[in-house]
Amino acid sequence: MKNMKRLVSLLLVLCLALALSMLPMGASAATTEKSVKLTVDSLGVKAQAYADGTGTVSDVDFEWFHMGNYGDGFQMRDKPNEGKGPSKLWNTSAFAGGITKIVLTYSANKDVSHSNPNCMILTFGDEAQGADYSTKLSTTAGTKTYTITPDVATHTYFYLEWDLGYSS
């Protein structure tokens, strides 16, 4: 019972929906951005489980490792003592134009009551799992939407990795 209470106290509920904005191929910043919305449904993440997988949204291929779908968006965790590394999500084929921003939306259904410093690492590059530019995201209690802007709007790949030792 004590371990169960401890586990429950470590779990935070988080819904993560990613909206990627990018420029169409060959466009300038003055051109209207195109958006791609990634959700557990659009990617086909297995329900009621943590799983690895692949999916395609708007002609872009994605892969993920150890992502959960428990009804309120992506659930991410890190279970190194169980042989499970941190949850990860990335595109394996390039976006047609550069990524101008990523908008992360935390739970639309639940209050965000915890602040998590450096909980996610976002990396942008010009190849799958590339590392041209990297930034960490910290969350703030009460804030549900975050916009991450890469150093340049020409990167065509992103890589998102959970960086906390517990689930959310």
Exercise. Looking at side-chain heavy atoms only, is the closest gap between Phe65 and Ser87 below 4.5 Å?
Worked result: no
For this session: State the CD-CE distance between Glu161 and Met76, to the nearest 0.5 angstrom.
Result: 8.5 Å
For this session: To the nearest 0.5 angstrom, please state how far the CZ atom of Phe62 sits from the OG atom of Ser93.
Result: 7.0 Å
Problem set entry | Listed partners of Tyr70 passing side chain to side chain contact (heavy atoms under 4.5 Å, CB included), at least two apart | Gln48, Tyr50, Gln75
Exercise. Taking Ser115 for the side chain and Ala141 for the main chain, is one N or O donor matched with an acceptor at less than 3.5 Å?
Worked result: yes
Problem set entry | Exam field: side chain Asn91 to backbone Thr156, donor-acceptor pair closer than 3.5 Å | yes
Seminar exercise, completed: Scanning both residues in full, the closest heavy-atom pair of Asn118 with Ser138 reads N-OG, 2.7 Å
Exercise. Where do His155 and Asp132 land on the side-chain contact (heavy atoms from CB on, under 4.5 Å) test, with the steps shown first?
Worked result: CA-CA 8 Å; His155 298 304; Asp132 294 336; 3.5 Å; yes
Problem set entry | CZ-OG1 distance between Phe95 and Thr100, expressed to the nearest 0.5 angstrom | 10.5 Å
Exercise. In Å and rounded to the nearest 0.5 Å, what is the CG to CD distance from Asp52 to Glu63?
Worked result: 8.0 Å
Exercise. Is there a donor-acceptor contact under 3.5 Å linking the side chains of Thr56 and Asp61?
Worked result: yes
Exercise. Can you list the steps and then say if Thr139 with Tyr146 is a side-chain contact (heavy atoms from CB on, under 4.5 Å)?
Worked result: CA-CA 8 Å; Thr139 62; Tyr146 299 88; 3.5 Å; yes
Problem set entry | Non-hydrogen side-chain atoms of Ile121 and Thr123 separated by less than 4.5 Å | yes
Exercise. Going from CG on Leu137 to CG on Leu104, what distance comes out if it is rounded to the nearest 0.5 angstrom?
Worked result: 6.0 Å
Exercise. Do the side chains of Phe124 and Ile148 get nearer than 4.5 Å, heavy atoms only?
Worked result: yes
Exercise. Given side chains that start at C-beta, do those of Val45 and Phe74 come closer than 4.5 Å, heavy atoms only?
Worked result: yes
Exercise. Given side chains that start at C-beta, do those of Lys88 and His66 come closer than 4.5 Å, heavy atoms only?
Worked result: no
For this session: Check the angle between the aromatic planes of Trp90 and Tyr159 and answer parallel, tilted or perpendicular using the 30° and 60° thresholds.
Result: tilted
For this session: Establish whether Tyr133 and Met120 are linked, either directly or via other cluster members, by ILVMFWY side-chain heavy-atom contacts under 4.5 Å.
Result: yes
For this session: Taking the side chain as every heavy atom from C-beta outward, state whether Phe158 and Ile102 have any atom pair closer than 4.5 Å.
Result: yes
For this session: Tell me whether Leu160 is reachable from Tyr157 by hopping between hydrophobic residues (I, L, V, M, F, W, Y) whose side-chain heavy atoms are closer than 4.5 Å.
Result: no
Exercise. Can any side-chain N or O of Ser58 pair as donor or acceptor with the backbone N or O of Val60 at less than 3.5 Å?
Worked result: no
For this session: Look up atom CG in Asp163 and atom CG in Asn116, then write down how far apart they are to the nearest 0.5 Å.
Result: 11.0 Å
Problem set entry | Shortest non-hydrogen separation from Thr149 to Lys101 and the atoms involved | OG1-CB, 4.3 Å
Problem set entry | Closest non-hydrogen atom pair between Met67 and Leu89, with its separation | CE-CB, 4.3 Å
For this session: Give the minimum heavy-atom separation between Val112 and Thr140, together with the two atoms involved.
Result: CG1-O, 4.2 Å
Exercise. If only atom types and distance count, is the side chain of Asp41 paired as donor or acceptor with the main-chain N or O of Leu43 below 3.5 Å?
Worked result: no
Problem set entry | Atom of Pro150, atom of Ile99 and distance for their closest heavy-atom approach | CG-O, 3.2 Å
